[in-house]
Amino acid sequence: TQIKKLEESKKSIPYQIEQLAVEFGKCEKQLKEKQDNLEVMQKELRSKNRTLELQQEQLKKYYSQRKSMKTEKEYNALEREIINLQKKNSIIEDEILELLFSIDGVTEELTEYQTVYREEKAKYENQSNELLSTSKDFSKQIAEWTKKRSLYNNKIDSQLLTVYDEWRIRRGKFLLALVVDNTCSGCNMTIPPQNINEIRKREKLIYCGSCSRILYLPEEQIERGSVV
């Protein structure tokens with residue numbers, strides 16, 4: 001019974017670690033999304049700054065061309081180009097300023113979340129290590145109980161032991177069933193008084209008529225004598 005309990009507990013540990021990884025994965029995903037968002041904004045800022053630089057260079061060229069205009073028509077056309085470019089520069093400067101404010105906010109948010117991420121990572125690693133340590137402890141206890149169990153193997157009929165092990169492995173349950181209040185603990189069916197008396201005699205194995213398990217009584221009930 002102890003071996004089975006330990007094996008079931010150990011079996012659940014990989015699932016628990018997997019669940020921890022899933023939860024921590026959500027945290028990692030959020031961090032990545034925030035980092036990617038900031039990177040996209042920074043890339044957009046670099047692009048707008050580059051565009052503004054090019055437009056400002058073009059504006060300087062327009063300013064220098066003013067002196068070389070020979071006709072009023074050419075001069076007016078150049079002025080229109082200058083005004084249009086100045087408007088474009090003003091718009092992109094506003095966009096850059098707005099983007100800078102947004103980047104500041106996202107950077108601050110990312111910095112705060114990085115602290116949360118580090119805490120969650122440490123928590124995840126600690127809990128995972130604790131579970132792995134627990135799994136090793138279960139393995140150690142299973143080995144100890146298995147060693148104790150092996151001491152009884154030579155005292156039990158080999159054929160009966162084979163039947164017991166096959167039942168346990170195939171059904172995941174035990175071939176033995178405790179009789180509690182005249183009832184089989186394996187299937188909850190009532191055991192006839194005659195069978196209970198036979199169990200107390202310990203002269204032969206008595207099987208449950210419903211589930212075919214071997215029935216047994218606690219030592220204190222054996223000492224009470226036959227059922228009236």
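- With 3.5 Å as the limit, one finds a donor-acceptor pair spanning the side chains of Ser12 and Gln16.
- Put simply, the side chain of Leu52 reaches to within 4.5 Å of the side chain of Gln56, judged on heavy atoms.
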Under the salt bridge (charged side-chain N to carboxylate O under 4.0 Å, His left out) rule, what do Glu79 and Arg66 come out as? Steps first, then yes or no, please. CA-CA 8 Å; Glu79 283 299 309; Arg66 277 173 170 172; 2.8 Å; yes
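- Using a 4.0 Å cut-off between charged side-chain N and carboxylate O, Asp165 and Arg149 make a salt bridge.
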Apply the test side chain to side chain donor-acceptor pair (under 3.5 Å) to residues Asn37 and Glu33: give CA-CA distance (whole Å), side-chain angles for both, the deciding distance (0.1 Å), then the verdict. CA-CA 6 Å; Asn37 185 34; Glu33 288 175 350; over 6 Å; no
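- Counting all heavy atoms, side chain and backbone alike, Leu178 lies closest to Pro218 at CD1-CD, 3.4 Å.
- At a threshold of 4.5 Å between non-hydrogen side-chain atoms, the residues Arg50 and Leu54 count as touching.
- Rounding to the nearest 0.5 Å gives a distance of 9.5 Å between CD of Glu95 and OG1 of Thr51.
- At least one donor-acceptor pair closer than 3.5 Å links the side chain of Ser102 to the backbone N or O of Glu98.
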Might you work through the side chain to side chain contact (heavy atoms under 4.5 Å, CB included) test for Lys48 and Glu44, ending with a clear yes or no? CA-CA 6 Å; Lys48 288 185 180 296; Glu44 184 181 358; 3.3 Å; yes
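- In this structure, the side chain of Asp157 engages the main chain of Gln159 through a donor-acceptor pair within 3.5 Å.
- Residues Tyr62 and Ile83 do not share a hydrophobic cluster, clusters being chains of Ile/Leu/Val/Met/Phe/Trp/Tyr side chains in contact below 4.5 Å.
- With rounding to the nearest 0.5 Å, the separation of CD1 in Ile13 from OG1 in Thr134 is 5.5 Å.
- No side-chain N or O of Glu93 forms a donor-acceptor pair with one of Asn89 less than 3.5 Å apart.
- The local environment of CD in Glu39 is sparse, with at most 12 non-hydrogen atoms from other residues, nucleotides or ligands closer than 6.0 Å.
- With rounding to the nearest 0.5 Å, the separation of CD in Gln30 from CD in Glu120 is 10.0 Å.
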Kindly determine whether Tyr124 and Tyr117 satisfy ring pair (Phe, Tyr, Trp, His ring centres under 6.0 Å), including the steps that lead there. CA-CA 10 Å; Tyr124 162 68; Tyr117 171 78; over 10 Å; no
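- Looking at Phe101 and Leu97, their side chains come closer than 4.5 Å, going by heavy atoms from C-beta outward.
- Contact annotation: the side chain of Leu110 approaches that of Gln114 to within less than 4.5 Å [non-hydrogen atoms, C-beta and beyond].
- Residues Leu59 and Ile91 are members of separate hydrophobic clusters, defined by side-chain heavy-atom contacts under 4.5 angstrom among Ile, Leu, Val, Met, Phe, Trp and Tyr.
- From Lys43, atom NZ reaches atom CG of Leu45 across 13.0 Å, with rounding to the nearest 0.5 Å.
- A 4.5 Å side-chain heavy-atom check between Leu215 and Ile191 finds at least one atom pair inside the cut-off.
- Counting only distance, with no hydrogens or angles, the side chain of Asn129 and the backbone of Glu125 share a donor-acceptor pair below 3.5 Å.
- The side-chain heavy atoms of Thr71 and Asn76, taken from C-beta on, include no pair separated by under 4.5 Å.
- A salt bridge is absent between Lys147 and Glu144; no separation between the charged side-chain nitrogens and carboxylate oxygens falls under 4.0 Å.
- Contact annotation: the side chain of Leu131 approaches that of Leu20 to within less than 4.5 Å [non-hydrogen atoms, C-beta and beyond].
- For Arg213 against Leu175, the heavy-atom pair with the smallest separation is CB-O, 3.0 Å.
- In this structure, Thr183 contributes its side chain and Val179 its backbone to no donor-acceptor pair below 3.5 Å.
- Between Met41 and Leu99, the closest heavy-atom pair is O-CD2, 3.7 Å.
- The hydrophobic clustering, which links ILVMFWY residues whose side-chain heavy atoms are closer than 4.5 Å, places Tyr207 and Val163 together.
- Paired with Glu8 under the rule side-chain contact (heavy atoms from CB on, under 4.5 Å), one option of Lys11, Lys4, Lys10 passes, and it is Lys4.
- Val40 and Leu100 fall into different hydrophobic clusters, defined by Ile, Leu, Val, Met, Phe, Trp and Tyr side-chain heavy atoms under 4.5 Å apart, directly or through other members.
- What you find for Trp145 and Leu6 is that their closest heavy atoms are CD1-CD1, 3.7 Å.
- The line from OG of Ser128 to CD1 of Ile17 is 5.5 Å long, rounded to the nearest 0.5 Å.
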Are Cys184 and Ser210 close enough, and set up right, to give a side chain to side chain contact (heavy atoms under 4.5 Å, CB included), and what steps lead you there? CA-CA 9 Å; Cys184 172; Ser210 176; over 6 Å; no
Are Thr115 and Arg118 close enough, and set up right, to give a side chain to side chain contact (heavy atoms under 4.5 Å, CB included), and what steps lead you there? CA-CA 5 Å; Thr115 301; Arg118 286 191 293 270; 3.4 Å; yes
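- The 12-atom threshold is exceeded at CE of Met69, counting heavy atoms of other residues, nucleotides or ligands nearer than 6.0 Å.
- For the atom pair Gln58 CD and Ile82 CD1, the distance stands at 10.0 Å (nearest 0.5 Å).
- For Gln19, the CD atom counts as densely surrounded, since its 6.0 Å shell holds more than 12 non-hydrogen atoms of other residues, nucleotides or ligands.
- Under a hydrophobic-cluster definition in which Ile, Leu, Val, Met, Phe, Trp and Tyr are linked whenever side-chain heavy atoms come within less than 4.5 Å, directly or via other members, Ile96 and Val106 are assigned to the same cluster.
- The side-chain heavy atoms of Glu81 and Leu85, taken from C-beta on, include no pair separated by under 4.5 Å.
- Smallest separation of non-hydrogen atoms from Ala177 and Ser185: C-OG, 3.7 Å.
- Between Leu31 and Tyr113, the shortest heavy-atom contact is N-CE2, 3.7 Å.
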